[in-house]
Amino acid sequence: MRGDPHAGGVALDVAAEVLRGNDAGGYTRPSPGLYPHQWNWDSAFCALGWSALDVERAWRELELLVAAQDAEGMIAHIAFDPAARTYWPGPEWWGGRTGRDGRPVSAITQPPVAATCLALLQERHPQPPERVRPIVLALHRWHRWFMTRRLVAGEPVIVHPWESGRDNAPEWDVPLSRVTPCDEALLQRRDTGFVDAAQRPATRDYRRYLALVALMADAGWDQRTLAERGAFRVLDPGFTAVLAAACDDLAGVAARLGDAEVADEEAAWSDALASALRARLGEDGRAGVVDLVTGERFPGCGAADALTELLPGLPSRAASAVADLVVGGALDSAVGVRSTSVGSPGFDAVNYWRGPVWANVTWLTALGLERRGLTAAAAVLRDRLRTFAQTAGMAEYAHPDDGRPLGGRDFSWTAALLLWERDG
Ligand code: 9WN
């Protein structure tokens with residue numbers, strides 16, 4: 001791979017092998033052993049990658065993602081394979097929820113990138129309306145769940161760090177510090193059997209992640225209670241931008257299917273979310289993560305700011321400021337977008353979401369830049385995605401300075417996004 005500036009040949013063969021190797025027969029495990037279930041945003045990215053290898057399999061990935069939707073309309077962060085034993089915490093922590101297809105699911109969600117991936121897939125590899133419509137309707141129900149159960153001050157509230165998809169980003173440190181940790185004896189971590197503990201969340205974080213789940217169970221998993229009075233409540237501009245883009249994308253797909261009602265409602269949600277986030281954006285294009293318990297804003301800078309680029313209708317000055325942040329600014333890295341800037345409190349170059357570069361954040365930011373018309377910056381990031389593959393292979397994340405591989409290996413979304421980019 002090294003020396004090939006376009007990450008062609010070998011890297012693509014390796015990427016295809018990774019995706020095939022992680023195929024659980026309809027959905028893709030994010031990484032062998034480390035993550036043996038179906039994860040929400042992972043699956044959406046994997047659908048894109050599969051389309052370069054097998055279009056039928058790509059659509060199947062999205063169908064299985066929405067098949068795990070629960071009775072409330074939420075699509076959980078994990079749909080569990082009850083036979084898999086290498087991941088903890090398992091389904092027993094989540095109050096016995098199941099998806100429509102009977103699989104055990106968790107009781108929290110993840111960044112809703114699925115509609116954006118669906119729109120991209122439908123554009124490149126269109127399927128007939130009878131196949132696309134059920135997926136659209138399921139995603140519409142999920143978006144409605146956000147808009148009716150989770151909105152505070154016009155934005156979706158995150159009630160657990162895992163919902164952000166950026167589990168131990170420093171943004172969550174202060175809000176999480178208020179949660180009384182559970183007894184360490186309750187922890188049965190398996191992740192550190194696969195990945196060096198220095199690259200994973202700390203024990204003190206896990207004790208609070210689990211305590212927070214127990215508090216959610218005590219609240220009867222009631223979503224409005226959690227969003228309005230829960231122990232951990234945060235507004236994440238990255239998450240808001242992802243949801244606003246997803247609503248806009250779903251509106252487009254629904255309109256082309258002739259579903260005007262769905263299209264209009266999604267478009268209205270997208271506008272409402274975008275105007276709520278725009279109202280708190282600074283000149284620098286940054287809105288900051290806000291701890292809703294205290295009203296305080298995280299002082300550092302990270303992936304949440306980069307992902308703001310996805311916001312439909314982002315004012316051009318803000319869009320350019322974010323471009324400057326990721327290319328040449330505090331989030332610049334030769335292998336993509338830094339998850340956390342060097343100057344932020346809690347920065348750690350090798351630890352998970354505290355500094356390393358992740359392929360999905362780089363790719364989503366490039367998509368946002370392209371949609372805002374900042375094509376040169378988008379091309380730079382796309383090139384850096386290929387550099388990531390050259391230095392880190394299909395790793396889960398990479399060191400922001402030297403690009404060496406970190407975290408899990410044979411990681412599905414790294415492979416999938418590389419395949420999607422090369423196939424375009
Ligand atoms: C908890 C699967 C997931 C990703 C997340 C990433 C990591 C899980 C964990 O792995 O989180 O959901 O156990 O660390 O942070 O973004 O979806 O790849």
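Residues take their numbers from the sequence shown, with the count starting at 1. Counting starts at 1 for both ligands and their atoms, following the listed order.
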Problem - Distance under 6.0 Å and angle within 45° of ring axis: R144 vs W269 - result: no
Exercise for the section: Would you check if S164 and W172 make a side-chain contact, meaning some heavy-atom pair closer than 4.5 Å? Expected result: yes
Exercise for the section: Using the ring of Y352 (Phe, Tyr or Trp, six-membered ring only), decide whether R200 places NZ or CZ under 6.0 Å from its centre and within 45 degrees of its axis. Expected result: yes
Practice task
Under the ring-ring contact (aromatic ring centres under 6.0 Å, His included) rule, what do Y209 and H160 come out as? Steps first, then yes or no, please.
Solution key: CA-CA 7 Å; Y209 296 155; H160 193 292; 5.8 Å; yes
Problem - Side-chain donor-acceptor pair present, H77, S106, cut-off under 3.5 Å - result: yes
Problem - Neighbour list for ligand 1 [protein residues, heavy atom under 4.0 Å] - result: P30, Y35, W39, W41, D42, H77, Y87, Q110, W162, G165, D167, R200, Y352, W353, F411, W413
Show me, pair by pair, the donor-acceptor contacts under 3.5 angstrom made by side chains of residues 44-52, not counting sequence neighbours?
residue: W50; atom: NE1; partner: T28; partner atom: OG1; Å: 2.8
residue: S51; atom: OG; partner: L48; partner atom: O; Å: 2.7

